[in-house]
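In what follows, a structure is listed as structure tokens, so that the remarks can point back to it.
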Amino acid sequence: GVWRQTRALLFKNCLIKCRTKKSSVQEVLFPLFFLFWLILMSMMHPHRKYGEVANTNLGTLDTSVLVNFVIGYTPPTPMAREIMKKVAFDNFEDGIITEEYLSEEELQEAGAFKPSNFVGVVFSDAMSYQLRFPDSVAMSSIYMESR
């Protein structure tokens, strides 16, 4: 029954492995080679740990930079509106222009038309968000390796 079929299948597989030694060796050595390669690459580029930055007084904010500054956000939920209202009016005397967009695609299109003074905010939920900067903004090179 089952034992005889299993034994015949194992015998057949052993014969195949013995007759095709080159492919059998490749099946064992290629994964080991790639594992060695991954270990070597991770040793060449170790993760850097950055220390804490001490609290310092940065002085007052120069609000002249924020003239005609536009912050677009999506999705237009009541919580997002409340957060953006606080950002615009509670922190700055003149206020910052906030615009709401129905989708992230509309937000990206608006950012393409006014790249010099536009920042997009995409709210994932009430507690998390992602910033969308135009391509002309230079990204920090401090954390480039960890991307």
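Everything numeric in this text was worked out from a predicted model, so none of it was measured. Both backbone and side-chain heavy atoms feed into the values below; hydrogens, waters and symmetry mates do not.
When all heavy atoms of L107 and Y101 are compared, the closest pair comes out as CD1-CD1, 3.5 Å. Nearest heavy atoms, T20 versus I16: OG1-O, 2.7 Å. Nearest heavy-atom pair, P75 versus A80, reported as atom, atom and distance to 0.1 Å: O-CB, 3.6 Å. Of all non-hydrogen atoms in P76 and L102, the two that sit nearest each other are CG-CD2, 4.0 Å. Between L32 and V28, the shortest heavy-atom distance links the atoms CG-O, 3.4 Å.
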- Task: Take E104 and Q108 through the side-chain contact (heavy atoms from CB on, under 4.5 Å) test and state the conclusion after the steps.
- Result: CA-CA 6 Å; E104 193 171 345; Q108 289 176 347; 3.9 Å; yes
- Residue pair E27, K17: steps toward the side-chain contact (heavy atoms from CB on, under 4.5 Å) verdict: CA-CA 10 Å; E27 285 180 14; K17 292 295 178 188; 2.8 Å; yes
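At most 12 heavy atoms of other shown residues, nucleotides or ligands fall within 6.0 angstrom of atom OH in Y129.
M84 and M79 fall within a single hydrophobic cluster, where Ile, Leu, Val, Met, Phe, Trp and Tyr side chains are chained together by heavy-atom contacts under 4.5 Å. Using a 4.5 Å cut-off between side-chain heavy atoms of Ile, Leu, Val, Met, Phe, Trp and Tyr, with links allowed through other members, M44 and W37 fall into the same hydrophobic cluster. Hydrophobic clustering places L131 together with Y73 (ILVMFWY residues linked when any side-chain heavy atoms are closer than 4.5 Å, directly or through intermediates).
Atom CE of residue M41 and atom CG of residue L38 lie 8.5 Å apart, to the nearest 0.5 angstrom. If you take CD on E100 and CD on E106, they are separated by 10.5 Å, rounding to the nearest 0.5 Å. With rounding to the nearest 0.5 Å, the separation of CD1 in I39 from CZ in F34 is 14.0 Å. Remark: T77 OG1 to E82 CD distance equals 10.0 Å, nearest 0.5 Å. Summarising the geometry, atom CD1 belonging to I71 is positioned 15.0 Å from atom CZ belonging to R132; distances are rounded to the nearest 0.5 Å.
A 4.5 Å side-chain heavy-atom check between F123 and I83 finds at least one atom pair inside the cut-off. Considering only heavy atoms from C-beta on, F11 comes within 4.5 Å of L15 through its side chain.
A search for salt bridge (charged side-chain N to carboxylate O under 4.0 Å, His left out) contacts involving E109 returns nothing, not counting sequence neighbours.
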